[in-house]
2 protein chains.
Amino acid sequence: MIDADDADAIDAWRAQQYPRPALTVDLVVFTVLDADLKVLLIRRGEAPFRHAWALPGGFVRVGDGLADEGEDLDAAAQRELVEETGLPHGAVYLEQLYTFGRAGRDPRGRVVTVAYYALVRPDLAPLVTAGTDAEHAEWCSVAHVDRAALAFDHADILALAVDRIRGKLDYAPIAFDLVPATFSVSELRAVHEAIKGEADDPSNFRRRFRRMVEDGLIEQAPGKRITGRRPAAVYRFVRR
Amino acid sequence: MIDADDADAIDAWRAQQYPRPALTVDLVVFTVLDADLKVLLIRRGEAPFRHAWALPGGFVRVGDGLADEGEDLDAAAQRELVEETGLPHGAVYLEQLYTFGRAGRDPRGRVVTVAYYALVRPDLAPLVTAGTDAEHAEWCSVAHVDRAALAFDHADILALAVDRIRGKLDYAPIAFDLVPATFSVSELRAVHEAIKGEADDPSNFRRRFRRMVEDGLIEQAPGKRITGRRPAAVYRFVRR
DNA sequence: CCAAAAGTGTTAACAGTACACCCATGG
DNA sequence: CCATGGGTGTACTGTTAACACTTTTGG
């Protein structure tokens, strides 16, 4: 694909050396605990914004730009996720959200960040805060976070991520990444309510749920959920 | 906001100098001509991919990272749009699409690109190809583009942009950025059909159109559209 | 008069909302 | 037996898809 003509042009281009921004990925990691939407926040240990809450994230490994081309953006996000949460590789849904590059968003200089959001099943969430030291990372209620106190423009990133999952909830099966492998009808409803922030008629939700069963999106799983009240049937999401 | 502690940390950080990627913006510029969705393509004059078709785009001006912080990503996209199309500043709808940063996507080295899509009203579209030399920029039918022949990963970017506007068409008023300031019912319908790629029942479309009028989203404009057949009423979009 | 597009109306199917009600269980 | 959440049913309403139909124009 690269001929001699190309090679010359590439050399000329390399010599030019435009100024380049630093490139990071930031992660908005969600889970649902106690029927409440939570986001994972890190308390910063270094300046700037020392001791402030921030989203987890870090620099993209770019390599030397010659033999070593570095890692893909998705890989960088996945790597940061594993580093910051200790969760196994495929256990989490991860999707690019938006890229924030406002001049002045980082006092250290020009830093462009590619934001991702992640969805962690609640049965894995406790492993996160146990794995990292408890002072460092914490699941914070999205509704109660003091957004003005977040580092950098992370309040904007969080707000956009919340908007995104609210919107996607209606047409994409993202709720299944926020419940355990098997779940009852009301557990899935609790996730919808936590994301939307408002109550959902149990009967009507059940109808939509049944339609998903009929469509083969969900299937019943053996066993019952024992809750101290009447036991509920449990289901599982059918991946395709 | 920046104290002495910060300043030290910032100096230390600057000294580190992680390798950085080059950062570009690429534009997927759409219009609708002859009831067909078109995208603006540029014939490349330099290697790599010399003589191949590519999306318009260019480097983000980053500044020196000290006194000069450079331009915002949106501003860079807007600037490239003006440079490549010659259209006035506010005449075009512009929105960030996705960021592509696969290692190896550019043979010159590690180049991360923030892709934007733009919607150009058809009455302005001819100015674009007239302004730039005709060999250089061209409106190409999205349905007939030889995607395998596009430079870099621009086929992926184009595909994602088409998906995006198809999806947004159902819940966002983007079609109004692809018709002249005043338009008839069937002109707006033609835009929907061009984006969706399938016919739309004229009667049912008219019902949805009427609802938008009732909701105050659209209002009737004086005059009629003379077409050689029965004249049609014209409307305008009410910006809020 | 005819072709073609503008514009009106009707119907059946379907999905969402609100609400009433029965069932099973642990305390 | 009773409070609580699991689970069923129903009447009403609004939206959509499909299609038949009338009206107005230029040629």
Side-chain angles (χ1 to χ4, degrees), chain A residues 32 34-36 122 166-173 175 179-180 182-236, chain B residues 32 34-36 166-167 169-173 175 179-180 182-236:
Chain A
V32 173
D34 307 321
D36 187 40
R166 284 214 177 119
K168 273 201 104 158
L169 190 61
D170 293 327
Y171 66 90
V179 287
T182 68
F183 50 88
S184 68
V185 177
S186 56
E187 283 167 358
L188 192 69
R189 178 164 55 86
V191 168
H192 272 78
E193 292 180 334
I195 293 177
K196 290 286 189 180
E198 57 191 17
D200 203 336
D201 185 292
S203 168
N204 295 332
F205 185 85
R206 182 174 294 275
R207 185 206 324 287
R208 281 188 287 159
F209 193 100
R210 188 169 52 222
R211 214 186 330 268
M212 288 190 277
V213 174
E214 287 161 3
D215 293 348
L217 207 73
I218 298 173
E219 65 184 14
Q220 192 162 2
K224 295 265 179 185
R225 182 73 80 237
I226 309 298
T227 60
R229 292 291 164 213
R230 175 176 175 179
V234 292
Y235 300 82
R236 73 167 72 90
Chain B
V32 173
D34 307 322
D36 187 41
R166 283 211 178 123
L169 190 61
D170 293 327
Y171 65 91
V179 286
T182 67
F183 50 90
S184 69
V185 177
S186 56
E187 282 167 358
L188 192 67
R189 178 164 55 86
V191 168
H192 273 78
E193 291 179 335
I195 293 177
K196 291 285 191 181
E198 58 192 14
D200 201 336
D201 185 290
S203 170
N204 295 332
F205 185 84
R206 182 175 294 276
R207 183 203 328 287
R208 283 188 286 161
F209 193 100
R210 186 168 52 222
R211 205 181 341 264
M212 289 191 275
V213 174
E214 287 161 3
D215 294 348
L217 207 73
I218 298 172
E219 64 183 12
Q220 193 163 2
K224 293 267 181 186
R225 181 72 79 239
I226 309 298
T227 61
R229 293 288 165 219
R230 173 177 176 179
V234 293
Y235 299 81
R236 73 168 70 90

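Computed from a predicted structure; not experimentally measured. Reminder, nothing fancy here: chain letters follow the sequence lines and each chain counts from 1.
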Enquirer: Hey, does A:Thr182 have a side-chain heavy atom less than 4.5 Å from the side chain of A:Arg225?
Expert: yes
Enquirer: Based on the rotation axes of five pairs at each end, what angle does the helix from C:dC1-D:dG27 to C:dG27-D:dC1 bend through, to 10°?
Expert: 0°
Enquirer: Would you mind reading off the distance between B:Arg210 atom CZ and C:dA6 atom P, rounded to a whole angstrom?
Expert: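 Atom-to-atom, B:Arg210 to C:dA6, this comes out as 15 Å.
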Enquirer: In whole angstroms, how far is the P atom of C:dA6 from the CZ atom of B:Arg189?
Expert: 7 Å
Enquirer: D:dT23 P sits how many Å from B:Arg206 CZ, rounded?
Expert: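 Answer to the nearest Å: 15 Å.
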Enquirer: How far apart are the closest heavy atoms of A:Ala233 and A:Gln220, and which atoms are they?
Expert: CB-NE2, 3.4 Å
Enquirer: Could you tell me whether A:Asp201 and A:Arg208 have a side-chain N and a carboxylate O separated by less than 4.0 Å?
Expert: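 Looking at A:Arg208 together with A:Asp201, the answer is no, because their closest N to O distance does not fall below 4.0 Å.
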Enquirer: Quickly work out the A:Glu193 CD to D:dG5 P distance and round it to whole Å.
Expert: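 In whole Å, D:dG5 P lies 12 Å from A:Glu193 CD.
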Enquirer: Could you check whether the rings of B:Phe209 and B:Tyr235 sit parallel, tilted or perpendicular, using 30° and 60° as the cut-offs?
Expert: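 Aromatic pair B:Phe209/B:Tyr235 classed perpendicular.
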Enquirer: How long is the line joining CZ of A:Phe183 and P of D:dG5, in whole Å?
Expert: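 So the CZ-P distance, A:Phe183 to D:dG5, works out to 21 Å.
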Enquirer: Applying a 4.0 Å non-hydrogen cut-off, can you work out what A:Pro202 is touching in the nucleic acid: base, sugar-phosphate, or nothing?
Expert: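 Touches nothing.
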Enquirer: For the pair made of OH in A:Tyr235 and C1' in D:dG6, what is the distance, rounded to whole Å?
Expert: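 Checked: the OH to C1' distance equals 10 Å.
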Enquirer: Give a yes/no answer on whether the side chain of A:Arg211 brings an N or O atom under 4.0 Å of OP1 or OP2 in C:dC14.
Expert: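 For C:dC14, neither OP1 nor OP2 has a side-chain N or O of A:Arg211 closer than 4.0 Å.
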Enquirer: Both A:Arg207 and B:Thr227 contact DNA chain C. Which one's nearest nucleotide lies toward the 5' end?
Expert: B:Thr227
Enquirer: Are any of A:Ser203's side-chain N or O atoms less than 4.0 Å away from OP1 or OP2 of D:dT8?
Expert: no
Enquirer: Tell me which nucleotide among D:dC19, C:dG16, D:dT4 gets nearest to the side chain of B:Asn204.
Expert: D:dC19
Enquirer: Nearest heavy-atom pair of A:Pro222 and A:Arg236: which atoms, and what distance?
Expert: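 Looking at all heavy atoms of both residues, the closest pair is CD-NH2, 3.6 Å.
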Enquirer: When the distance from CZ of A:Arg230 to P of C:dG26 is rounded to whole Å, what number comes out?
Expert: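 So the two atoms are 12 Å apart, to the nearest Å.
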